[in-house]
Amino acid sequence: MDKIKMTTPIVEMDGDEMTRILWQMIKDNLLLPFIDLKTEYYDLGLEHRDETNDQVTIDSANATKKYKVAVKCATITPNAARMDEYHLKEMWKSPNATIRAILDGTVFRAPIVVKGIEPCVKNWKKPITIARHAYGDVYKAAEMKIPGPGKAELVYTAQDGSETRELVHQFTCPGILQGMHNITPSIESFARSCFNYALDTKQDLWFATKDTISKKYDHTFKDVFQEIFDREYADKFKEAGITYFYTLIDDAVARVMKSEGGYIWACKNYDGDVMSDMISSAFGSLAMMTSVLVSPDGNFEYEAAHGTVQRHYYKHLKGEETSTNSVATIFAWTGALRKRGELDGNAELSAFADRLEKATIDTIESGEMTKDLALITTIENPTVLNSEDFIKAVAKRL
């Protein structure tokens with residue numbers, strides 16, 4: 001049969017360890033037989049990042065700005081142990097953080113819902129999408145250990161030399177101190193990305209902070225969202241039949257537990273980090289969680305929400321069999337292919353993405369799955385497949 005043609009490339013960001021092995025299997029079995037695949041390839045494997053002094057990560061993000069759509073494999077963010085293991089020149093930053101900063105993006109994470117993998121929260125019937133702000137807060141905080149009694153202050157020195165001071169604490173004993181920041185343009189980008197994604201997916205949007213306690217920091221987030229919504233999006237939301245809703249983070253947690261799902265829950269950086277793991281775990285597995293970075297000017301970078309599956313990779317290197325779940329990585333590809341099809345007016349490419357997702361879900365629902373899902377499924381007598389055989393079972397169904 002003729003392969004599906006592509007007119008514009010997708011930016012392809014290869015990664016590390018077991019997900020890199022799965023990446024190639026997915027391409028060989030599920031994509032290349034059916035699509036005349038056009039990608040601009042960047043190797044974000046840790047060795048190559050080290051060779052290029054991480055320039056390859058910057059180049060891949062800039063290429064995403066050019067082509068609008070990227071798909072990314074999971075990558076290692078090195079720690080001291082990885083420095084030794086890979087003989088690195090330095091402890092390179094998280095590629096995801098670098099890409100997020102360049103694209104000015106917001107991360108949207110949603111579970112892949114499959115019959116037979118039931119959520120822990122019994123009334124959750126539809127996916128809950130977490131929108132995580134991806135700049136500042138605790139991730140860019142300055143920290144200090146306080147050795148003993150003394151005064152700690154926040155000090156802002158304006159360009160004209162004038163100072164504004166705010167007492168943090170009058171220490172009478174040892175303690176700790178943390179200074180966080182954010183910037184208004186990033187909060188505005190976060191808000192617009194959330195509003196645009198809600199319109200794109202026709203879902204209600206919730207936003208939650210703790211503005212009653214944090215009357216300046218969190219309240220600024222609340223105010224920016226409301227101002228932009230009222231000025232730019234209220235009419236569009238009404239026309240689309242969706243709503244924007246603000247509440248306190250503790251109220252949101254209580255409401256989420258009693259809801260049936262089917263909405264986007266926007267969170268500040270740390271809240272989104274924690275809540276996306278809670279949602280993914282409650283829906284079944286991090287390996288069943290999609291992740292897309294969306295920038296306010298319409299760039300999209302799709303990836304799985306999980307890491308590089310290091311333990312399975314070491315087994316793979318020893319020649320041992322693995323049963324690694326590739327579903328979220330498959331869905332990273334389908335998300336990117338569908339979006340490429342939408343932007344290019346290539347209905348055949350978007351339809352292929354839909355069929356590949358259906359084939360993947362149908363494979364699991366028929367009882368063929370990797371070990372992690374077999375341990376939690378309500379399907380009786382599931383067939384446990386190894387990493388490659390699961391992908392081949394999807395290919396057969398496709």
Note to self: Are the side chains of Val114 and Ile117 in contact, using a 4.5 Å heavy-atom criterion?
What the structure shows: yes

Notebook entry, point to check: Mind checking whether Leu337 and Ile35 have side chains closer than 4.5 Å, heavy atoms only?
Noted result: yes

Notebook entry, point to check: Could you give the distance from OG1 (Thr57) to CG (Asn62), rounded to the nearest 0.5 Å?
Noted result: 11.0 Å

Notebook entry, point to check: Rounded to the nearest 0.5 Å, how far apart are CZ of Arg49 and CD1 of Ile58?
Noted result: 12.0 Å

Check: If you draw a 6.0 Å radius around CD in Glu380, do more than 12 non-hydrogen atoms from other residues or ligands fall strictly inside?
Finding: no

Check: For Glu40, what residues pass the side-chain contact (heavy atoms from CB on, under 4.5 Å) criterion, not counting sequence neighbours?
Finding: Tyr42, Ala63, Tyr67

Next item on the list: Evaluate the criterion side-chain hydrogen bond (donor to acceptor under 3.5 Å, both in side chains) for residue pair Ser189 and Asp104; output intermediate values, then yes/no.
Entry: CA-CA 7 Å; Ser189 292; Asp104 191 22; 2.5 Å; yes

Margin query: ring pair (Phe, Tyr, Trp, His ring centres under 6.0 Å) for Tyr302 and Trp333? Distances and angles first, verdict last.
Written below: CA-CA 7 Å; Tyr302 295 83; Trp333 274 103; over 10 Å; no

Note to self: Using a strict threshold of under 4.0 Å (side-chain N to carboxylate O), is an ion pair present between Glu357 and Arg338?
What the structure shows: yes

Check: Do the non-hydrogen side-chain atoms of Val113 and Lys126 ever get within less than 4.5 Å of each other?
Finding: no

Notebook entry, point to check: Using 4.0 Å as the upper bound for N to carboxylate O, is an ion pair formed by Arg340 and Asp344?
Noted result: yes

Next item on the list: Taking all non-hydrogen atoms of both residues into account, name the closest pair between Leu356 and Leu31 and its distance.
Entry: CD2-CD2, 4.0 Å

Notebook entry, point to check: What about Tyr270 and Phe207, same hydrophobic cluster or not, with Ile/Leu/Val/Met/Phe/Trp/Tyr joined at side-chain heavy-atom distances under 4.5 Å?
Noted result: yes

Checklist line | Sidechain N-carboxylate O distance under 4.0 Å for Lys125, Glu260 | finding: no

Next item on the list: Sort and list the pairs that fulfil salt bridge (charged side-chain N to carboxylate O under 4.0 Å, His left out) and have at least one residue in residues 306-334, not counting sequence neighbours.
Entry: none

Checklist line | Sidechain N-carboxylate O distance under 4.0 Å for Glu239, Lys236 | finding: no

Notebook entry, point to check: Would you call Lys27 and Glu12 a salt bridge, taking side-chain N to carboxylate O under 4.0 Å as the test?
Noted result: yes

Check: Should Lys89 and Asp54 count as an ion pair when the cut-off is N to O under 4.0 Å?
Finding: no

Check: Do the ring planes of Phe221 and Phe190 sit parallel (below 30°), tilted (30 to 60°) or perpendicular (above 60°)?
Finding: perpendicular

Check: Same hydrophobic cluster for Tyr313 and Val327, using side-chain heavy-atom links shorter than 4.5 Å among ILVMFWY?
Finding: yes

Next item on the list: Taking only Lys NZ, Arg NE, NH1 and NH2, and the carboxylate oxygens of Asp or Glu, determine whether Glu153 and Arg165 approach each other closer than 4.0 Å.
Entry: yes

Next item on the list: Quickly, which of Phe245, Phe229, Tyr244 forms a ring pair (Phe, Tyr, Trp, His ring centres under 6.0 Å) with Phe237? Name it, please.
Entry: Phe229

Note to self: Any heavy-atom pair between the side chains of Leu398 and Phe34 that's under 4.5 Å?
What the structure shows: yes

Note to self: Let me confirm one number: the CE-CG distance from Met180 to Leu154, rounded to the nearest 0.5 Å.
What the structure shows: 11.0 Å

Next item on the list: Determine the minimum heavy-atom distance between Ser323 and Leu385, stating which atoms define it.
Entry: OG-O, 2.6 Å

Notebook entry, point to check: Once the angle between the rings of Phe171 and His169 is folded into 0 to 90°, is it parallel (under 30°), tilted (30 to 60°) or perpendicular (over 60°)?
Noted result: perpendicular

Next item on the list: Might you point out which heavy atoms bring Ser366 and Arg397 nearest each other, and give the distance in Å?
Entry: OG-NH2, 3.1 Å

Notebook entry, point to check: What do you reckon, are the aromatic ring centroids of His181 and Tyr135 less than 6.0 Å apart?
Noted result: yes

Next item on the list: Would you kindly confirm whether Met13 and Val294 end up in one hydrophobic cluster when ILVMFWY residues are joined by side chain heavy atoms under 4.5 Å apart?
Entry: no

Notebook entry, point to check: Can you tell me if CD on Gln55 sees more than 12 non-hydrogen neighbours from other groups inside 6.0 Å?
Noted result: yes

Next item on the list: Measure across Ile391 and Ser326 and return the closest heavy-atom pair with its distance rounded to 0.1 Å.
Entry: CG1-OG, 3.5 Å

Notebook entry, point to check: Are the charged groups of Glu227 and Arg231 less than 4.0 angstrom apart, N to O?
Noted result: no

Next item on the list: Answer yes or no: are there more than 12 heavy-atom neighbours, outside Asp160 itself, under 6.0 Å from its atom CG?
Entry: yes

Checklist line | Over 12 foreign heavy atoms within 6.0 Å of CD1, Ile176 | finding: no

Item checked: Distance in Å, Asp200 CG paired with Lys202 NZ, rounded so as to fall on 0.5 Å steps -> 7.0 Å

Item checked: Nearest heavy-atom neighbours spanning Gly307 and Ala74 -> O-CB, 3.4 Å

Item checked: Lys68 to Leu343 - nearest heavy-atom pair and separation -> CB-CD1, 3.9 Å

Margin query: Starting from Val11, can I reach Leu37 by hopping between I/L/V/M/F/W/Y residues whose side chains sit under 4.5 Å apart?
Written below: no

Next item on the list: Taking atom CG of Asp36 as the centre, report whether more than 12 heavy atoms of other residues, nucleotides or ligands fall under 6.0 Å from it.
Entry: yes

Notebook entry, point to check: So do Thr220 and Val224 actually touch side chain to side chain, heavy atoms under 4.5 Å?
Noted result: yes

Note to self: Between the side chains of Lys215 and Asp211, is the shortest nitrogen-to-carboxylate-oxygen separation below 4.0 Å, so that they form an ion pair?
What the structure shows: no

Notebook entry, point to check: So does Lys210 have more than 12 non-hydrogen atoms from other groups sitting under 6.0 Å from NZ?
Noted result: yes

Next item on the list: Could you state whether Trp23 and Leu293 fall into the same hydrophobic cluster, counting links through intermediate Ile, Leu, Val, Met, Phe, Trp or Tyr residues with side-chain heavy atoms under 4.5 angstrom apart?
Entry: no

Next item on the list: Please list all pairs passing the side chain to side chain donor-acceptor pair (under 3.5 Å) test where one or both residues lie in residues 105-120, with sequence neighbours left out.
Entry: Arg109-Ser291

Notebook entry, point to check: Measuring from Glu368:CD to Asp362:CG, what's the distance to the nearest 0.5 Å?
Noted result: 11.0 Å

Next item on the list: Tell me, yes or no, whether the heavy-atom count around Met91 atom CE, taken from other residues, nucleotides or ligands under 6.0 Å, exceeds 12.
Entry: yes

Margin query: In the structure I gave you, are the side-chain heavy atoms of Leu44 and Ser60 within less than 4.5 Å of one another anywhere?
Written below: yes

Checklist line | Sole residue of Thr129, Val256, Ile242 in side chain to side chain contact (heavy atoms under 4.5 Å, CB included) with Tyr263 | finding: Val256

Notebook entry, point to check: Asp137 versus Lys268: any side-chain heavy-atom pair under 4.5 Å?
Noted result: yes

Check: How many angstroms lie between atom OG1 of Thr290 and atom CZ of Phe108, to the nearest 0.5 angstrom?
Finding: 11.5 Å

Note to self: Counting only heavy atoms not in Glu166 (residues, nucleotides, ligands), do more than 12 fall under 6.0 Å from its CD?
What the structure shows: no

